[in-house]
Protein chains: 2
Amino acid sequence: MFNPQWLRSFVVLAEELSFTRAAERLDLTQAAVSQHMRQLEEQLGQLVVRRPRQLELTPTGLAFLDYCKEVECADKRLQQRLNTNCEDCGEISLITPGSIGLVLYPLLLTLQSSNRGLIMRHRFAPDVEVLEAILQNRFELGVLTYRPDDSRIDASLFTEEPLELIVPAGETINGWDDLVRIGFIDHPDGHAMAGRLLSRLFPGNPGIRTVPHSGFSNQVGLQLEPVAMGLGFTILPRYARQAFKRQEAIRAVCCETPVIDKLWFVHRSEWALPSRVVSVMTYLREKIAGMEGGNTGIDAHPIREVT
Amino acid sequence: MFNPQWLRSFVVLAEELSFTRAAERLDLTQAAVSQHMRQLEEQLGQLVVRRPRQLELTPTGLAFLDYCKEVECADKRLQQRLNTNCEDCGEISLITPGSIGLVLYPLLLTLQSSNRGLIMRHRFAPDVEVLEAILQNRFELGVLTYRPDDSRIDASLFTEEPLELIVPAGETINGWDDLVRIGFIDHPDGHAMAGRLLSRLFPGNPGIRTVPHSGFSNQVGLQLEPVAMGLGFTILPRYARQAFKRQEAIRAVCCETPVIDKLWFVHRSEWALPSRVVSVMTYLREKIAGMEGGNTGIDAHPIREVT
DNA sequence: TGATCTCCATAAAACTTCATTATGTTTAAT
DNA sequence: ATTAAACATAATGAAGTTTTATGGAGATCA
């Protein structure tokens with residue numbers, strides 16, 4: 001590696017092809033430039049052929065000039081990457097659970113398409129993996145379904161997502177028996193979510209295990225397909241339902257006192273978030289808040305509780 | 001840009017995650033490493049979170065580490081490129097006229113395939129362009145059909161290539177009239193070559209302009225196609241003929257005192273050729289010499305001179 | 001709990017490197 | 001032959017770097 005001042009001098013010298021002019025441009029004396037070249041040439045061999053009034057780069061000089069250009073580029077990239085005050089350029093890395101991710105990812109892409117300096121890196125992952133990725137600095141920002149208890153993590157409330165019982169559009173649910181009749185489409189968090197929501201909807205029910213299973217998918221984008229086809233019901237966070245294309249084929253059933261999960265933005269507490277990330281957080285919060293006010297797709301008439 | 005010693009210290013620190021151990025590995029005192037980090041952090045912001053017995057890189061630190069790796073790579077590439085003593089690695093750039101190029105290019109590819117460290121860059125070009133490319137350092141080595149008179153150029157004899165009158169295999173040439181009968185396939189140097197060779201073969205002939213033209217191509221690899229198809233004769237250097245695939249379809253006619261062009265290796269005289277280039281020159285000389293001893297494809301019985 | 005140890009930061013001194021001034025050499029131009 | 005232009009080199013003072021010396025904060029262990 002080389003003294004950066006020497007590189008600068010060499011690059012200017014290669015442009016000017018004159019020690020004197022290069023020195024002027026560099027605000028140095030000609031002697032300084034001359035010594036820089038001597039230093040470089042001691043390490044690299046001859047870089048410049050000195051002919052009276054006509055300098056010329058040797059092949060070594062040309063190779064070294066390419067090297068200088070490479071280093072210059074690396075410098076620019078570093079500056080770009082470290083310019084955390086730029087709101088509309090740089091990389092945004094976000095890792096979220098599936099359900100909310102389905103909603104966020106299109107929003108991010110919209111943001112990116114109106115703001116081509118941003119580069120989105122998004123990953124769907126379960127809670128554990130989100131936390132790990134944030135702790136290991138692999139992602140700047142994460143979304144978690146719980147508030148983590150770790151001093152290295154800062155959490156701020158993002159939004160709330162109610163759990164929903166989602167049934168084929170044609171079905172009416174009057175009681176537990178209807179669920180047993182149409183069957184449960186399971187997913188990785190299916191049992192946990194079902195347990196929490198169904199105990200509120202149907203107090204004293206015999207448990208999700210007693211309901212026939214009519215399907216399973218761990219692909220969050222596909223979980224509502226079987227429901228839309230009338231093959232069963234499922235329990236999902238609202239955002240997972242809202243991201244589904246064929247809304248007309250499904251229907252959400254909700255109780256009066258809903259089961260609501262909180263979603264948290266999480267990031268490393270030790271270092272400040274780049275302002276582009278902060279502005280993306282604001283953007284997502286606004287968009288999500290706007291969605292909640294609108295069509296929630298929820299039954300106007302909640303079902304009666306079954307005794 | 002940054003003091004290279006600071007970079008080194010940072011890279012080692014990032015590996016060791018300990019100032020003390022890094023200093024040991026760097027053969028410095030711990031105080032020195034500490035100051036290097038202070039210098040870097042003054043310019044870049046915090047790079048390392050100091051926790052008791054547990055250092056950790058900040059995102060800035062990770063970005064800077066990537067930068068260090070980039071610079072390291074650029075360094076390695078430079079070293080590789082400047083290692084002119086390595087005979088079997090690096091780039092060979094060669095620029096040659098078409099005819100000999102047809103023979104050299106396959107030889108170079110053979111060499112490269114048995115020697116994967118070498119990278120061949122070959123270009124076909126007319127003499128003027130060869131000279132220009134060598135003078136401008138765009139190619140290390142060139143082949144010219146004449147010895148250039150320029151103090152910046154070193155020329156060494158490469159090989160000789162006789163001019164040949166090439167006719168369709170079925171034709172017999174007994175005199176000038178036969179040439180007029182079958183017609184001339186022209187190419188960029190066609191008139192010049194024809195003038196020189198035909199005045200020796202058929203002294204006192206009325207000149208190539210009086211012969212009907214039956215074709216023209218400036219693509220040296222294709223010039224013999226029309227001849228092979230019986231459409232005419234042409235005049236080419238021997239190497240152009242030797243590189244032709246369908247040898248059985250053509251025939252070379254030669255006189256007792258052939259017209260022989262010399263081919264010269266040329267390169268810039270100011271700087272020594274990398275040894276890989278020297279070894280390629282040697283390789284090509286040997287291969288070409290070997291070819292000349294073998295099947296030259298020339299008529300055993302030269303035609304009689306026509307008066 | 002206090003002594004001890006490890007690890008990093010900082011200050012001052014010793015040392016090294018760097019830029020400048022001054023001067024020499026070479027070459028082209030007058 | 002003289003002059004001017006352009007680069008190299010030597011010497012010197014300024015700036016930067018490394019080391020030694022020291023201090024403080026947190027772990028470790030009796």
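Numbers restart at 1 for each chain; the letters A, B, ... are given by sequence-line order, proteins then strands.
The interatomic distance linking Met37(A) (CE) with dT9(D) (P) rounds to 14 Å, in whole Å. Gln5(A) places its CD atom 12 Å from the P atom of dG16(D), with the value rounded to the nearest Å. Between the C1' atom of dT10(C) and the CZ atom of Phe19(B) lies a distance of 13 Å, rounded to the nearest Å. Between the CZ atom of Phe2(B) and the P atom of dT17(D) there is a distance of 14 Å, given to the nearest Å. Gln46(A) places its CD atom 14 Å from the C1' atom of dC7(D), with the value rounded to the nearest Å. Distance Leu47(B) CG to dA9(C) P: 12 Å, rounded to the nearest Å. A straight line from CD of Gln30(A) to C1' of dT20(C) spans 11 Å, rounded to a whole angstrom. We find that NE2 of His36(B) is positioned 7 Å from C1' of dT17(D), with the value rounded to whole Å.
For the residue pair Asp127(A)/Thr145(A), the side-chain donor-acceptor check at 3.5 Å is satisfied.
By the side-chain contact (heavy atoms from CB on, under 4.5 Å) test, Glu70(A) pairs with Ala74(B), Arg77(B), sequence neighbours left out.
Listed pair Thr29(B) / dT20(D) fails the phosphate criterion, with no side-chain N or O lying under 4.0 Å from OP1 or OP2. Under 4.0 angstrom from either OP1 or OP2 of dA6(D) there lies no side-chain N or O belonging to Arg50(A). Taking only side-chain nitrogens and oxygens, Ser34(B) comes nearer than 4.0 Å to OP1 or OP2 of dA9(C).
Using a 4.0 Å cut-off between a side-chain N of Lys or Arg and a carboxylate O of Asp or Glu, Glu87(A) and Arg276(A) do not qualify as a salt bridge.
At a threshold of 4.0 angstrom between heavy atoms, the contacts of Gln35(B) include nucleobase atoms, whether or not backbone atoms are also involved. Residue-level contact check: Thr20(A) touches the backbone only, with heavy atoms under 4.0 Å from sugar-phosphate atoms and none from bases. Nucleic acid contact class of Gln54(B) (heavy atoms, under 4.0 Å, all strands): none.
Geometric assessment of Arg123(A) against the ring of Phe139(A) yields a negative cation-pi assignment under the 6.0 Å and 45° thresholds.
Screening Leu284(B), Leu157(B), Asp154(B) against Phe265(B) for a side chain to side chain contact (heavy atoms under 4.5 Å, CB included) leaves a single residue, Leu284(B).
Nearer the 5' end of DNA chain C, as judged by each residue's closest nucleotide, is the contact made by Leu28(A), out of Pro52(A) and Leu28(A). Residue Arg21(B) is the one, among Arg21(B) and Arg38(B), whose nearest nucleotide of DNA chain C lies closer to the 5' end (criterion: closest heavy atom). For the pair Leu55(A) and Asn3(B), both in contact range of DNA chain D, the more 5′-proximal nearest nucleotide belongs to Leu55(A).
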